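Please read all numbers here as calculations on a predicted model, not as lab measurements. Residue numbers start from 1 in every chain, and the chains themselves are labelled A, B, ... in the order their sequence lines are given, proteins ahead of strands.
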Amino acid sequence: MSTRDWILHVDLDQFIAAVELLRHPELRGKPVVVGGSGDPTQPRTVAATATYEAREHGIHSGMPLRTALRRCPDAVFLPTDPPAYEAASARVMATLREFPVRVEVWGWDEAFIGATTDDPEALAARLQQAVHARTRLTCSVGIGDNKHQAKLASGYAKPAGIHRLTSDTWAQTMNARPTDALWGIGARTARKLADLGYHTVAELAAADPAHLAAHFGPTNGPWYRYLALGKGEAEVVTTPWIARGHSRETTFQHDLTDPADIARHITDLARHVAQDAAEAGREIIRVSVKVRFTPFLTRTRQSKLPAPTTDPATITRAAHAILGRFDLNRPVRLLGVSVDYTMPDQPAEEVTPPD
DNA sequence: TCTGGGGTCCTAGGACCC
DNA sequence: TCTGGGGTCCTAGGACCC
């Protein structure tokens with residue numbers, strides 16, 4: 001076998017549930033649901049994850065906790081604990097970085113690995129062993145020529161397995177599958193594609209790019225066909241990601257109707273976001289406000305600031321001005337404030353003239 | 001099954017300018 | 001004035017992902 005470059009996708013199995021079961025070994029084998037503050041009677045709270053035993057009762061992530069409770073009154077409900085997942089994730093990523101590979105972190109429970117080897121399966125097995133030895137967590141590993149293939153391959157590898165999906169095996173594996181099996185095509189786009197006669201990956205791969213562009217735009221349309229052909233990004237970026245923006249939002253258990261109440265929450269959210277930005281050392285160039293009315297109508301308004309700033313008072317004032325542009329006649333179930341950061345490579349304005 | 005929170009990127013349309 | 005055509009910036013919304 002010859003040495004060449006590979007992309008591996010490491011996906012931790014049932015990450016949040018697995019971390020919780022390590023802390024609560026007595027719950028192993030029981031239906032466990034993690035979400036919100038762990039109180040299944042709270043409205044407007046959904047499951048972050050559910051163990052296999054809970055899934056057998058029809059419970060899945062995204063399901064309202066009250067529904068989960070109805071489906072399985074005996075389930076154990078736990079609150080989410082982001083710092084614990086953060087810590088576990090950091091240990092996994094540090095373990096991966098000990099190998100002679102390039103590591104691109106992709107969220108809490110995933111990473112892409114760029115490696116040069118003649119035996120990617122052997123490398124995958126060593127990664128799995130190291131992660132398990134260090135953290136007691138299991139992971140699935142997909143092997144591909146690019147990120148798209150490796151990502152789908154790790155899905156086939158679950159749980160705790162290794163699977164290879166390359167350009168050589170792409171067509172036989174994927175051609176008969178529905179288009180939403182592709183990474184980047186969801187339910188909405190799959191339905192639109194089906195309406196146009198593209199039901200399978202093979203049909204999408206054979207589509208006319210111009211026809212797709214006419215329906216999905218000049219970038220997205222041709223991109224969908226590209227995905228159906230098994231292509232994708234093959235570059236592993238090891239430099240830390242620079243966030244484009246940041247946001248905070250809250251769904252209220254009981255609707256807000258009092259304007260003063262709404263304004264107070266906007267103040268809190270804006271201050272929070274401004275503080276986060278300050279801690280991250282980032283300047284803000286745009287502020288957005290999100291309002292979700294009952295039953296579930298979401299609207300956003302935004303405005304660009306005259307100049308980048310880190311000043312909390314400026315951010316808060318901007319958020320209130322934007323809030324003033326909403327019609328607040330209906331009850332409000334969610335408020336959010338988000339900001340865009342200035343990016344390092346695009347300084348906001350003027351260049352200092354030379355002396 | 002009354003539907004979280006935090007992100008990223010793309011598109012369409014209007015304003016404005018030459 | 002019955003109006004052209006391109007370029008850029010800004011905003012609102014949609015889709016997708018973890």
Cation-aromatic face contact A:R4/A:W6, 6.0 Å, 45 degrees = yes
List the steps, then state whether side-chain contact (heavy atoms from CB on, under 4.5 Å) holds for A:L269 with A:L335.
-> CA-CA 8 Å; A:L269 288 162; A:L335 290 173; 3.8 Å; yes
In a check of side-chain hydrogen bond (donor to acceptor under 3.5 Å, both in side chains) between A:S154 and each of A:H163, A:Q149, A:H9, which one passes?
-> A:H9
Scan A:R325 against the nucleic acid and name what it touches under 4.0 Å (heavy atoms): base, sugar-phosphate only, or nothing.
-> sugar-phosphate
Would you mind telling me which residue lines up with the more 5' stretch of DNA chain B, A:P64 or A:R248, judged by nearest nucleotide?
-> A:P64
Would you check if the side chain of A:T314 reaches a backbone N or O of A:T310 as a donor-acceptor pair within less than 3.5 Å?
-> no
Sugar-phosphate, base or nothing in reach of A:W108, heavy atoms under 4.0 Å = nothing
Give a yes/no verdict on a cation-pi contact between A:R292 and A:F296, requiring under 6.0 Å between NZ or CZ and the six-membered ring centre and an angle within 45° of the axis.
-> yes
Could you tell me whether a side-chain N or O of A:D13 sits under 3.5 Å from a main-chain N or O of A:A18, the two making a donor and an acceptor?
-> no
When the P atoms of B:dC2 and C:dC18 are considered, how many whole Å apart are they?
-> 25 Å
Touch class at under 4.0 angstrom, heavy-atom based, for A:H215 against every strand present = nothing
Which part of the nucleic acid does A:S303 contact within heavy-atom distance under 4.0 Å: base, sugar-phosphate only, or nothing?
-> sugar-phosphate
Rounded to the nearest 0.5 angstrom, the CG-OG1 distance for A:L137 and A:T95 is 9.5 Å
Along DNA chain C, first and last positions that approach a heavy atom of chain A under 4.0 Å = C:dC10 to C:dC18
Consecutive-pair stems (3 or more, Watson-Crick or G-U, under 3.5 Å) for DNA chain C | B:5-18 with C:5-18
Check every strand shown and say whether A:S338 touches a base, only sugar-phosphate, or nothing at a heavy-atom separation below 4.0 Å.
-> nothing
Sugar-phosphate only, base, or nothing, as touched by A:K151 at under 4.0 Å among non-hydrogen atoms | sugar-phosphate
Sugar-phosphate only, base, or nothing, as touched by A:R66 at under 4.0 Å among non-hydrogen atoms | nothing
Tell me what A:W241 touches on the nucleic acid: a base, only sugar-phosphate, or nothing, going by heavy atoms under 4.0 Å.
-> sugar-phosphate
With sugar-phosphate meaning primed atoms plus P, OP1 and OP2, does A:A48 contact a base, only sugar-phosphate, or nothing at under 4.0 Å between heavy atoms?
-> nothing
Does NZ or CZ of A:R330 fall inside the cone over A:F293's six-membered ring, less than 6.0 Å from its centre and within 45° of the axis?
-> yes
Classify the nucleic acid contact of A:G245 as base, sugar-phosphate or nothing, counting any heavy atom under 4.0 Å across all strands shown.
-> sugar-phosphate
Just checking, is any N or O donor in the side chain of A:R44 or A:T251 under 3.5 Å from an acceptor N or O on the other one?
-> no
